[in-house]
Novice: 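I have a structure I would like to understand better, so I am pasting it below and will then ask my questions one at a time.
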Amino acid sequence: AGLKEDSFNVLDLAEYTKNRPWWRKVFAPSSGSSAEKYNVATQLVIGGVTGWCTGFIFQKVGKLAATAVGGGFFLLQIANHTGYIKVDWKLVERDVNKAKQQLKFHSSGNKMSPEVKSRVDEVIIFLKKNVILTGGFAGGFLLGMAS
């Protein structure tokens, strides 16, 4: 009986990582914290730049959303005043009271669902592991909001 020789491909991980683009090295998922991978200056720069971009975008989108909501409310008031639409205030009052009751019901328990609690715990653990990165992000976010 003829035995067939098995051939195996060998993957050299050191060579593989050298050939990977820099953005995959920076943003690749890993089990460790950023404090284990990057020095303090790099963490501050990454956090600051991403925070500034997020803050800048948040500021622009926030202004746009406020303008849209305010403009929409203004148009509804004009339409109501001129008679194009009629508001059933008793229905509005009933729905507001129903919403108040729901809020009282949910806030009286003061307990988070297990899914929300586990997500909050994950975020807290991430923030503790990556304090410098988070600090840079917060500073960058405030600068982005101010610019």
Novice: Taking side chain to side chain donor-acceptor pair (under 3.5 Å) as the test, write out the residues that go with Glu122, two or more places apart.
Specialist: Arg119
Novice: For Ile124 and Val120, what are the C-alpha separation, side-chain angles and deciding distance, and is it a side chain to side chain contact (heavy atoms under 4.5 Å, CB included)?
Specialist: CA-CA 6 Å; Ile124 290 172; Val120 168; 3.8 Å; yes
Novice: Side-chain contact, heavy-atom cut-off 4.5 Å: Ile46 with Gln43?
Specialist: no
Novice: What's the shortest heavy-atom distance between Met145 and Gln59, and which atoms?
Specialist: O-NE2, 3.2 Å
Novice: As an exercise, state the distance from OG1 of Thr134 to CZ of Phe126, rounded to the nearest 0.5 Å.
Specialist: 5.5 Å
Novice: If hydrophobic clusters are built by linking Ile, Leu, Val, Met, Phe, Trp and Tyr wherever their side-chain heavy atoms come under 4.5 Å apart, do Val61 and Leu64 end up in the same one?
Specialist: no
Novice: Rounded to the nearest 0.5 Å, how far apart are OG1 of Thr50 and CG of Leu133?
Specialist: 6.5 Å
Novice: Roughly how far apart are Ile85 CD1 and Leu75 CG, rounded to 0.5 Å?
Specialist: 10.0 Å
Novice: When you compare the side chain of Phe137 with that of Thr54, does any pair of heavy atoms fall below 4.5 Å?
Specialist: yes
Novice: Which ILVMFWY residues can you reach from Ile78 by hopping between side chains whose heavy atoms are under 4.5 Å apart?
Specialist: Phe74
Novice: Only one of Lys98, Arg94, Lys100, Glu93 clears side-chain contact (heavy atoms from CB on, under 4.5 Å) with Val96; which?
Specialist: Lys100
Novice: Indicate yes or no: at least one non-hydrogen side-chain atom of Asp88 is less than 4.5 angstrom from one of Val92.
Specialist: no
